[in-house]
Every structure is written in C-alpha cells, then in structure tokens.
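Values reported hereafter were calculated over all heavy atoms of this structure, with side chains retained and with hydrogens, waters and symmetry mates removed.
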Amino acid sequence: MLHVLHFRNTMSIISYDPNQFTPSSERMDITSFLSSSSSSPLSTLQNLKRRKAFRVCSLQQNHSPTPNSPQKINFPWRQKRSEGEFDNVVDFASVVHILGKKRRPDLAKKLLVEIESEGYVPSCATLSALMLCYVDNGLVSHAQAVWEEIINSSFVPSIEAISGLIDAYGNLGCYDEVFRILRDVTLRNFNSSSQVYSLAISCFGKRGQLEMMETVMNEMVLDGFRMNSVTGNAIIKYYAEYGSLVEMETAYGRVKRSRILLEREGIRAMASAYIKDKKFYKLGEFLRDVGLGRRNVGNLLWNLLLLSYAGNFKMKSLQREFLSMLEAGFSPDLNTFNIRAMAFSRMSLFWDLHLSLEHMKHEKIVPDIVTYGCVVDAFLERKLARNLDFALSKMDLDSSPFVSTDPLVFEVFGKGDFHSSSEILLESKWKEKWTYRKLVAIYVKKKYRSNQIFWNY
C-alpha cells in the first residue's frame, strides 16, 4: 500500500507494500513493470496506482476522491534541516527487497536515483534494503558505498538490517566487512552494540572461524560488555563442532567462570564431541560437573551418563547409575530404556532385556523401532529365532512404527540391523500401512534367505 503522510505539514513518508494489491486479476509484478517500462520508476508507480493496484491516503485532504477517479500525488519538497533531519523521507524498502530477490540490483539502483532526482531522501530502511540487495548479488563495493552513506548520516540502521548484512557477508566470506560493520557500530555508540557483537560471534562461529570469533570475544570484553547466556552457549557449541577437546574445555571453563548456565544445546554439543572421540570417562566427569540434579534439562544429563557407561559396556556401573537416577526422583523415559536395551542386546543379556521391557511396560512407555530392534537383533544374532515370538508376545506388534530415540544414542551404538532395514522399507515408495509385525516378518525372511545363500556356497 502506498501511503503519503504529511507530518506537521512538513514531513512526507511514502511506503509501498506489494502484498496489498486490491483485485487479484490486477496484481502485477513490480519487477516486470520497472523493467518493461521506458518511463521512470516513480511514474511507473503512478501507472500502477491508476490500475487500482495502490491506494493513496493523504491526511491533508478533507475529502476522499472516488475509487475510480485518478488522483495526482503531489510530493512537496523542502530542503534538509540544519539539525540533520529530513523533511521528506521516502520508504521503498519493500520494492527493493523484491528486486533483490529477483536479482535486479540495477533496477533497485534506478529506483533510488529517481527518488533522489525528485528531491526525496531514501529512508534508512530503503538504504538498508539496497545494501542487502547489493551483497546478495555479489556487489560488495556498491554495498560498502551505501553503508558509508548510512553511517555518515543521521540514520541509525536497525538490528534486523545489520543482522541480515552480517549474515550475507558471512555467506560470501567477506569477514573484513563484518569487522568493518562491528567497528563502525561500536564507534558510534549505538544501543545495539552488544547485539552486534553477538551477531559477529555467531557469524564467525557457525562458519568455523574460531580465531576471528575469539578476537570479537576479546574486543567485547574490553568494551565492557558481558557475555549473555545465549552467546555463551553458542560459543560452546561452535568450539565443540569445529575445535579440539582442549579448546572446547577451555571455553567451557570461561563460560562457567562467567556464571553462565550451560543449557540443553550446549550440553548436547559437548557430549557429542566427547562421544566422537570415544572419551566416555571425560563425558561422565563433565556431566557430574554440570550437575545431575538439574531439572530444567529433564533426563538429558542422566541419560548421557548412562550412555557413557553403556558405550564402554560397564554393565554394573550402568545398573548402579540407573538406580541412582530413580533414587534422585527422575522418571526414566524412552531414551533411558533404549540406552539400557541396546547395551543388553549387544551383550546378549536376555533376562536383563526382558526385565527392562517389563519395567518399560509398567511405566507406560511406548517402545519405538529401536526397542523392537534390540529384541529382534539379540535373538537372531544368537540363532534363537524360534524364541522370538515369545519375546515379542508382550509388545504391540500391530502398532505403527516410529523412531523417537535421541540421535546421540546412535553416535555411540550406531543403528541396529533391524532398525536400518526397517527404515529403508518405511522410506520406500510402497503404499503400505506398515506395522511392527510386517517389518519383523520381512526381516526374519531376509535373514533366513541370507543364511541359505551362505550355506549354498
């Protein structure tokens, strides 16, 4: 919607919203108009208004024209005030965003030139959209010029615009420009300086640029800004993903000294790093340091502790910590039972597996494919297919298969043979209503045929 607002009889703000076209039969693409029209972009917008694609609202007029009568839009112009404010501010950010998505930065520039030639001043949102349009299309030098225009004016760019610009520069690998934005924002003492520091840390961290991320962190501390919980957990996550265990532990110590509580994502990231290096003992130490009594992360800490023992098949310690979990007042969930079931299955502890299934049924925890796979793989691995029906008799074989087990469990044990085979069937294009009974029947037949082929050779 195109608005012409006269504020205090001096200021005019014009904005365009491409989503508010009136009749659907008259909806038109702004890029096709701008590219096909030989006239200027502003006159093109006048033509769009005559086609009822826009509605003009003027606060200076006491009467409103009829919808079908054309109305000329008068753009009153006054010079720039001495205080640095503009009397005429024009907002065409929506148009520039569309042109950027259409890969037409030339038309966006043409529109801005026409706006300025008419005596109007592009708004900060319009300039920010133009800058992002340039970066998305690889025109870094043009974007630099627009940024200099914004930073040297009285405009204050929004944190959304800065976030989009930093992310766009990060995608291009233009990290020097990210530092430039950070320096310019902090030198002007914007209220968003702390947020821009966090954005720069995220930009470098998620792309594995840990040295640059460390530089920004040090500058943030020197400028007197404290690390918040979101940034602290993000740093842990980036070090866990791209750094060494020593770097990750150093970062964790720093976050801990800042009295920042490690949240779910940070805990999972560090646990995954320890699991990848098979450092199960260190994983257990880390979990105890975080605090097993924390309730805000649910059973995550206890399940990971059980996983650290199950990964090394320390069955007595696994059982002891499971009882400690119950004594601490935590109720086991599906992941708790599946961690124990996978360990019992690999060790062929059929009685313990049976008791675990009974306990699971008592707690009213619905098993998933992983649970069924633990039973099926354990019995078939020991050539006990005749006892499989008895083992599965107390489980609902006619229910629909699903997987709800934490992926961290698979990083330790991998996926069982039954689980992997069933996933292939579930992801196939067969229009079949799968049940556990059908999956088990197909898998048993598959194992039988593979054994027959082996003996034939």
Participant: Taking the inter-plane angle between the rings of Phe337 and His359 on a 0 to 90° scale, is it parallel (under 30°), tilted (30 to 60°) or perpendicular (over 60°)?
Facilitator: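 Perpendicular: the ring planes of Phe337 and His359 meet at over 60°.
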Participant: Under 3.5 Å, is there a donor-acceptor pair between the Asp368 and Thr371 side chains?
Facilitator: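 The answer is yes; a qualifying pair exists.
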Participant: Distance only, no hydrogens: is a donor on one side chain within 3.5 Å (strictly under) of an acceptor on the other, for Tyr252 and Asp289?
Facilitator: yes
Participant: Cut-off 3.5 Å, side chains only: do Asn233 and Arg264 have a donor facing an acceptor?
Facilitator: no
Participant: Under a plain distance cut-off of 3.5 Å, with no hydrogens placed, do Tyr238 and Ser202 share a side-chain donor-acceptor pair?
Facilitator: yes
Participant: Go through the steps for Val196 and Met220 under the test side-chain contact (heavy atoms from CB on, under 4.5 Å), then give the verdict.
Facilitator: CA-CA 10 Å; Val196 176; Met220 180 178 68; over 6 Å; no
Participant: Could you tell me whether Arg346 sits above the aromatic face of Phe313, with NZ or CZ closer than 6.0 angstrom to the six-membered ring centre and within 45 degrees of the axis?
Facilitator: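 Not satisfied by the 6.0 Å and 45° rule.
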Participant: Could you label the plane-to-plane angle of the Tyr197 and Phe225 rings as parallel, tilted or perpendicular, counting under 30° as parallel and over 60° as perpendicular?
Facilitator: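 The rings of Tyr197 and Phe225 sit tilted, inter-plane angle from 30° to 60°.
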Participant: Would you kindly say whether Asp176 and Tyr169 are connected by a side-chain donor-acceptor distance under 3.5 Å?
Facilitator: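 The answer is no; no qualifying pair exists.
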Participant: How long is the gap from CE on Met270 to CD1 on Ile275, to the nearest 0.5 Å?
Facilitator: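 If I round to the nearest 0.5 Å, the distance is 12.0 Å.
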Participant: Begin from the C-alpha positions of Asp389 and Asn387 and carry the test side-chain contact (heavy atoms from CB on, under 4.5 Å) through to its verdict.
Facilitator: CA-CA 6 Å; Asp389 291 337; Asn387 299 330; over 6 Å; no
Participant: Over 60° means perpendicular and under 30° means parallel, so tell me whether His142 and Tyr134 are parallel, tilted or perpendicular.
Facilitator: tilted
Participant: With sequence neighbours excluded, tell me which residues meet salt bridge (Lys or Arg N to Asp or Glu O under 4.0 Å) with Lys394.
Facilitator: Glu358
Participant: Report yes or no: do Thr405 and Asn335 form a side-chain donor-acceptor pair below 3.5 Å?
Facilitator: no
Participant: Give me each pair satisfying ring pair (Phe, Tyr, Trp, His ring centres under 6.0 Å) with a member in residues 368-392, each pair once, sequence neighbours excluded.
Facilitator: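 Found Phe350-Phe379, Tyr372-Tyr436.
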Participant: One pair to check against side-chain hydrogen bond (donor to acceptor under 3.5 Å, both in side chains): Glu411 and Ser272. What are the steps and the verdict?
Facilitator: CA-CA 8 Å; Glu411 291 185 16; Ser272 178; 3.1 Å; yes
Participant: Go through the steps to decide whether Met315 and Gln319 satisfy the test side-chain contact (heavy atoms from CB on, under 4.5 Å), and finish with yes or no.
Facilitator: CA-CA 6 Å; Met315 309 308 295; Gln319 291 291 72; 5.6 Å; no
Participant: What I want to check is whether the side chains of Glu285 and Tyr274 have a donor and an acceptor closer together than 3.5 Å.
Facilitator: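 Looking only at side-chain atoms, Tyr274 and Glu285 do not form any donor-acceptor pair under 3.5 Å.
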Participant: Under 3.5 Å, is there a donor on one side chain and an acceptor on the other for Asn303 and Asp333?
Facilitator: yes
Participant: Is Lys415 positioned over the aromatic face of Phe410, cation under 6.0 angstrom from the ring centre and no more than 45 degrees off axis?
Facilitator: yes
Participant: Return the orientation label for the Trp302 and Phe330 ring planes: parallel under 30°, perpendicular over 60°, tilted otherwise.
Facilitator: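 Ring orientation of Trp302 relative to Phe330: tilted.
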Participant: Run the side-chain contact (heavy atoms from CB on, under 4.5 Å) test on Ser192 and Gln195 for me, step by step, so that the C-alpha distance in whole Å, both residues' side-chain angles and the decisive distance to 0.1 Å come before the verdict.
Facilitator: CA-CA 5 Å; Ser192 59; Gln195 294 174 285; 3.7 Å; yes
Participant: Kindly write out the residues that satisfy side-chain contact (heavy atoms from CB on, under 4.5 Å) with Thr231, not counting sequence neighbours, or none if the list is empty.
Facilitator: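 By the side-chain contact (heavy atoms from CB on, under 4.5 Å) rule, Thr231 matches Ser198, Ile201, Met227, Asn228, Ile235.
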